[in-house]
Amino acid sequence: MRMSRMMLKTLREAPAEAELPSHKLLLRAGLVVPVAAGIYSYTPLGWRVHRKIEEIIRQEMDRSGAQEVHLPALQPREPWVQSGRDASMDAVLFRLNDRRERAFVLGPTHEEMVSLLAARHIQSYRDLPVTLYQIQTKFRDEARPRGGLIRVREFAMMDAYSFDSDWEALDQSYQLAYDAYFRIFERGGVPVIPVEADSGAIGGKDSQEFIFLTESGEDTILLCDSCGYAANAEKAEFRIPPAVASEPLAMERVHTPGQKTIAELAKFLNIEERQTAKAVFVMADGKPVFVVIRGDLEVNEVKLTNALKATNVRPMEDREVEAAGLVAGSASPVGISGIQVVADQSVVDATNLVAGANEVDWHLRNVNYGRDWTAALVADFSLARDGDRCARCSGTLHEQRGIEMGHVFKLGTMYAEALDVRFLDQAGQRNETVMGCYGIGVERMLAAVIEANHDKDGIIWPKDVAPFDVHIVALDLEELAVERTLTQLEEDCEKAGLSVLIDDRDDSPGIKFKDADLLGMPVRLTVGPRALAKGGVELRVRRTGEMEIVPADQVVARLKDV
RNA sequence: CGGGGUGUAGCUCAGCCUGGCAGAGUGCUUCGUUCGGGACGAAGAGGUCCUCGGUUCAAAUCCGAGCACCCCGACCA
């Protein structure tokens, strides 16, 4: 490819809207062009990278025994109603009607479609196991697209689905996908760690995310410094700090003028935060819930959602608090009625806590669970935080930010039940298939590759992702020897199966070198009078900056070693 | 949806406070000189100053409403 002919425009400066290094470089290198929030067009160069990533994914998925299929992006809405996700994914679904007013959605994911496809083919245990995958455009009306290609509204995703006869068989399919994922990220040059993730209300079993640890990530991960336990904050288990032990005392009112937050209250009464009970108000699937947790802890909304078996839990808005007749700042589970009360295990285990009195400027001392109040539900839904103790060893958990690069998940039988993916086993019994699902976002991977592989001058593509294998900078093309060497090199490379980008533009050497660094091909060859005089062409490795002069006829052989 | 920020040339931004000819750098075009790390000179093209409304003799500038984009949060199979 000759750069003089390629539709490419590099930018000296990144547009102001870009903050992440990957976002800046994607725009500066001219790989993508923004169209709307979370929607991008790809240029010829950008699309080559996209296809390279797809290629890695295809190779590794095929190697794992998965079979590629293609499911529609435009889907009838009915199966979504059947699976219950028309309601549960309400806000992210793009919906539309056809000319006869039949309802459709643009697929945000493909469990429904793959289940319908699989249901037609899976009849007997002899048809199992099978893993299907596709690379297909997904549409999600995200609340907030962000970070360039990190979170977008239209994107390509490789999604795979395994079908097995039982949970034990699923373990094997899951492991195959898990291993394939590691190979994919390794080839892309993105360092990932597997972390335990929430499996949600759909009742799956194991769920792991492949996380690329980076400050700019949007997920919070907790890592044990001793045993290696790693989990998404929404899932992380930890040891709750012990309560202050004491014998139950008689409950009494205490005047607390103006004391509303736990911090204020603890300071005012000269006690520790863990000696208080905190009230948190949420709406769970539209119903108000009074949540009680020890004052020094935070509520983990995902754990709470699961404990409540709800699909959507969010903090109450002020007017909802008012409508429920709750006294913000002094709310108490003691003597409350007309609202569901749920308690975290931490308040059940503690004695003599300070809680609200359901009256402004008053609190209660020595409140004890069981004696003074009870909850409809007691569960463990506190949020692990930096510095908490690991649940599995004596180590300490540390918080880090990360980007979710891939997700593997033992789904179970939910979709098989809803969409009738069943088979006859050896005993002639009809059973649901046990599903697993696995996803990797191509755009997010592309962004992460850059995030993990760049320096101040530009991108440093890993070999398998680079849009071209070799970048040839031609200087002084009017010189006959240069032209001749260039043509020879191009032929040699192509014969050897190497893709070549040739900078034959009529620009100064400085511009060409800067662009070569920015565009980041693994190897740069400089063909010019100066190198020719030294007996060859200059070979420079982008990642290390190492340079050497190589005789023109030995370049291809030499390239095999770098 | 809540909070913050920004909208002026392809890109980066100045001008706005204090109303009075639409600006700079870079990029682009042409010519000449250069030619191994974003060269130099000269001449040029390029604008819905986000949109709509208002105030005014006069609005990029003041006022109001809206929209878009970015960041933080909520949300996110």
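Below, chain A is the first sequence line, B the second, and so on; all start at residue 1.
Set against B:rC71, B:rC76, B:rG37, the side chain of A:E19 has B:rC71 as its closest nucleotide. The side chain of A:A16 sits closest to B:rU12 out of B:rG38, B:rG73, B:rU12. Among B:rA74, B:rU26, B:rU12, the nucleotide with an atom closest to any side-chain atom of A:R146 is B:rA74. In the set B:rC71, B:rG37, B:rG38, B:rG37 carries the atom at the smallest distance from any side-chain atom of A:F513.
A donor-acceptor contact under 3.5 Å links the side chain of A:R151 to the base of B:rC76. A donor-acceptor contact under 3.5 Å links the side chain of A:R524 to the base of B:rG37.
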Let me check something: any side-chain donor-acceptor pairs from residues 436-447 of chain A under 3.5 Å, sequence neighbours excluded? List them with distances.
unit_1: A:Y438; atom_1: OH; unit_2: A:S162; atom_2: OG; d: 2.7
unit_1: A:E443; atom_1: OE1; unit_2: A:A156; atom_2: N; d: 2.8
unit_1: A:E443; atom_1: OE2; unit_2: A:H50; atom_2: NE2; d: 3.1
unit_1: A:E443; atom_1: OE2; unit_2: A:A156; atom_2: N; d: 3.2
unit_1: A:R444; atom_1: NE; unit_2: A:I150; atom_2: O; d: 2.8
unit_1: A:R444; atom_1: NH1; unit_2: A:E404; atom_2: O; d: 2.9
unit_1: A:R444; atom_1: NH2; unit_2: A:I150; atom_2: O; d: 3.2

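Remark: B:rC16 base-pairs with no nucleotide; criterion is Watson-Crick or G-U wobble with both hydrogen-bond distances under 3.5 Å. Figure legend. B:rG25 is base-paired to B:rC11; pairs are counted as Watson-Crick or G-U wobble with both atom distances under 3.5 Å.
Mapped onto RNA chain B by nearest heavy atom, A:G510 and A:F155 fall at different nucleotides, with A:G510 at the one closer to the 5' end.
The shortest distance between the side-chain N/O atoms of A:R314 and the OP1/OP2 oxygens of B:rA74 is not below 4.0 Å. Contact between the side-chain N/O atoms of A:S508 and the OP1/OP2 oxygens of B:rA39 is found at a separation under 4.0 Å.
Results of the ring-ring contact (aromatic ring centres under 6.0 Å, His included) test with A:Y181 over A:Y133, A:Y174, A:F210 single out A:F210 as the only residue that passes.
Base engagement by A:T526 is indicated by at least one non-hydrogen atom pair under 4.0 Å involving a base atom.
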